[in-house]
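First the structure, in the form of structure tokens, and then the observations on it.
Both backbone and side-chain heavy atoms feed into the values below; hydrogens, waters and symmetry mates do not.
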Amino acid sequence: MPELPEVEVTRRRIEPLLVGRRIAKVGTTKPSYFFLTPPKRLARELRGAVVRSLERRGKYLLAHLAGGRQLLLHLGMTGQLFAAGATSVRLFSAERRASLRPEDQPGFVPDRHTHLRLEFDDGGPAIFFRDVRKFGKVRLLEPGQSDPRLDLLGVDALEVTGAQLFAATRGRKVAVKSVLLAQDVVAGVGNIYADEALFLAHVRPTRSAGKLTRAEAEALAKALHQVLLRSIETGGSSISDYVAPDGSDGAYQDERRVYARAGEPCSVCGTKLRRTVIGARSTVFCPSCQR
DNA sequence: ACCGCACCCTGAGCGC
DNA sequence: TGCGCTCAGGGTGCGG
């Protein structure tokens with residue numbers, strides 16, 4: 001589940017592998033929910049394109065192409081963006097993993113989940129976009145064209161202030177966690193980092209957003225920055241599918257305090273962590289530390 | 001305006 | 001070596 005840190009780590013590591021190279025050939029799978037721009041058109045239009053820079057907005061990646069066009073990417077739930085030569089068992093199905101011997105270090109071979117393959121005229125490593133569940137997205141934007149998904153994004157979670165969180169939550173009855181997940185107030189936070197930040201800020205995820213105090217809003221902004229920056233430092237969280245562009249795992253999952261730890265003792269007070277569901281998302285909190 | 005929920009998708013894990 | 005079921009969840013869209 002790539003969230004801001006995983007997307008940012010991907011951006012930092014794949015940008016140097018992408019910028020300045022001319023796309024010579026594009027491979028795609030067949031039309032699906034994944035392709036906001038139909039795959040045939042995408043392949044045709046990307047041929048000859050050169051990427052100038054790679055930007056992150058919330059959980060979106062935006063590749064700026066020479067000439068002003070932009071390629072919009074979202075990794076969804078299970079998206080993996082990586083370079084040829086990457087090796088990781090996360091790039092294979094369980095079935096394929098089971099047939100591998102421990103000493104095997106198989107290179108990646110595009111499979112039916114590899115929806116985008118970019119080859120370059122320099123003959124160097126290709127770039128792949130693989131996404132098993134197809135919740136990811138790819139769209140080509142013409143010069144000056146905007147996308148409603150980007151236009152609706154709130155303040156980037158690394159920049160958000162307590163004052164902004166406080167103002168945006170006034171009059172809102174929904175659970176504070178729902179506000180964090182919605183992307184229109186704060187962009188980039190998903191299920192893992194919402195739970196982690198709320199834990200650090202001592203705020204119970206179910207709390208009505210409008211009841212946050214100024215101090216709690218400040219604490220929450222600070223906790224978001226702390227959790228997200230630390231995760232970026234450690235390479236993101238590799239819990240199920242996420243791998244960096246070289247195939248390596250992140251390490252933040254080892255520092256998780258609450259996410260997917262229901263039933264375990266709280267790392268601060270020892271109370272058994274409790275699970276609930278908010279907006280159809282599994283949610284874990286410490287009933288003692290978070291009020 | 002706001003809120004809750006169904007839906008898009010596939011694979012892992014589990015009970016029988 | 002099966003089969004059916006549930007769960008996982010980012011983002012969108014719809015009905016109340």
Could you go through A:Arg275 and A:Thr283, starting from their C-alpha distance and side-chain angles, then the distance that decides it, and tell me whether this counts as side-chain hydrogen bond (donor to acceptor under 3.5 Å, both in side chains)? CA-CA 5 Å; A:Arg275 177 184 183 274; A:Thr283 300; over 6 Å; no
Less than 4.0 Å between a side-chain N and a carboxylate O, is that true for [Y] and [X]?
{"X": "A:Glu45", "Y": "A:Arg47", "answer": "no"}
{"X": "A:Asp122", "Y": "A:Arg22", "answer": "no"}
{"X": "A:Glu216", "Y": "A:Lys211", "answer": "no"}

Looking at every strand, decide which applies to A:Ser32 at a 4.0 Å heavy-atom threshold: base, sugar-phosphate, or nothing. nothing
Look at all strands and tell whether A:Arg170 reaches a base, only sugar-phosphate, or nothing, counting heavy atoms closer than 4.0 Å. nothing
Under the 3.5 angstrom rule, does the side chain of [X] hit a backbone N or O of [Y] as a donor-acceptor pair?
{"X": "A:Gln70", "Y": "A:Leu65", "answer": "no"}
{"X": "A:Asp195", "Y": "A:Val284", "answer": "yes"}
{"X": "A:Glu6", "Y": "A:Glu3", "answer": "yes"}
{"X": "A:Asp131", "Y": "A:Gly136", "answer": "yes"}

In dot-bracket form, how is DNA chain C paired, counting a Watson-Crick or G-U wobble pair only if both its distances are under 3.5 Å and using | for bases paired to another strand? .|||||||||||||||
Answer yes or no on whether A:Arg261 is positioned over the face of A:Tyr259, meaning its NZ or CZ is under 6.0 Å from the six-membered ring centre and within 45° of the axis. no
Looking only at side-chain N and O atoms, does A:His113 come under 4.0 Å of OP1 or OP2 in B:dG11?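 It does, given that an N or O in the side chain of A:His113 lies less than 4.0 Å from OP1 or OP2 of B:dG11.
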Please give, in whole Å, the distance from [N] [atom2] to [X] [atom1]?
{"X": "A:His74", "N": "B:dC9", "atom1": "NE2", "atom2": "P", "answer": "17 Å"}
{"X": "A:Gln80", "N": "B:dT10", "atom1": "CD", "atom2": "C1'", "answer": "13 Å"}
{"X": "A:Met77", "N": "B:dC8", "atom1": "CE", "atom2": "C1'", "answer": "12 Å"}

Kindly check if the number of other-residue, nucleotide or ligand heavy atoms within 6.0 Å of CZ (A:Arg69) is above 12?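 Count over threshold, so yes.
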In short, ring pair (Phe, Tyr, Trp, His ring centres under 6.0 Å) pairs touching residues 265-291 of chain A with sequence neighbours left out are none
Ring-ring centroid check A:Phe34 A:His115, cutoff 6.0 Å: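 Here the rings of A:His115 and A:Phe34 have centres that are less than 6.0 Å from each other.
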DNA chain C contacts among residues 132-141 of chain A, heavy-atom distance under 4.0 Å: A:Arg133, A:Phe135
If you restrict it to nitrogen or oxygen atoms, what contacts under 3.5 Å exist between nucleotides 3-6 of chain B and the protein, and what is each distance?
| residue | atom | partner | partner atom | Å |
| --- | --- | --- | --- | --- |
| B:dC3 | OP1 | A:Lys173 | N | 2.6 |
| B:dC3 | OP1 | A:Val174 | N | 3.1 |
| B:dC3 | OP2 | A:Arg172 | NE | 2.9 |
| B:dC3 | OP2 | A:Arg172 | NH2 | 3.2 |

How is the hydrophobic cluster of A:Leu62 composed, in terms of its other members, when Ile, Leu, Val, Met, Phe, Trp and Tyr link through side-chain heavy atoms under 4.5 Å apart, directly or indirectly? A:Tyr60, A:Leu72, A:Leu141, A:Leu150, A:Leu153
Heavy atoms of chain A, cut-off under 4.0 Å: which first and last nucleotide of DNA chain C, 5' to 3', fall inside that, if you could look? C:dA8 to C:dT12
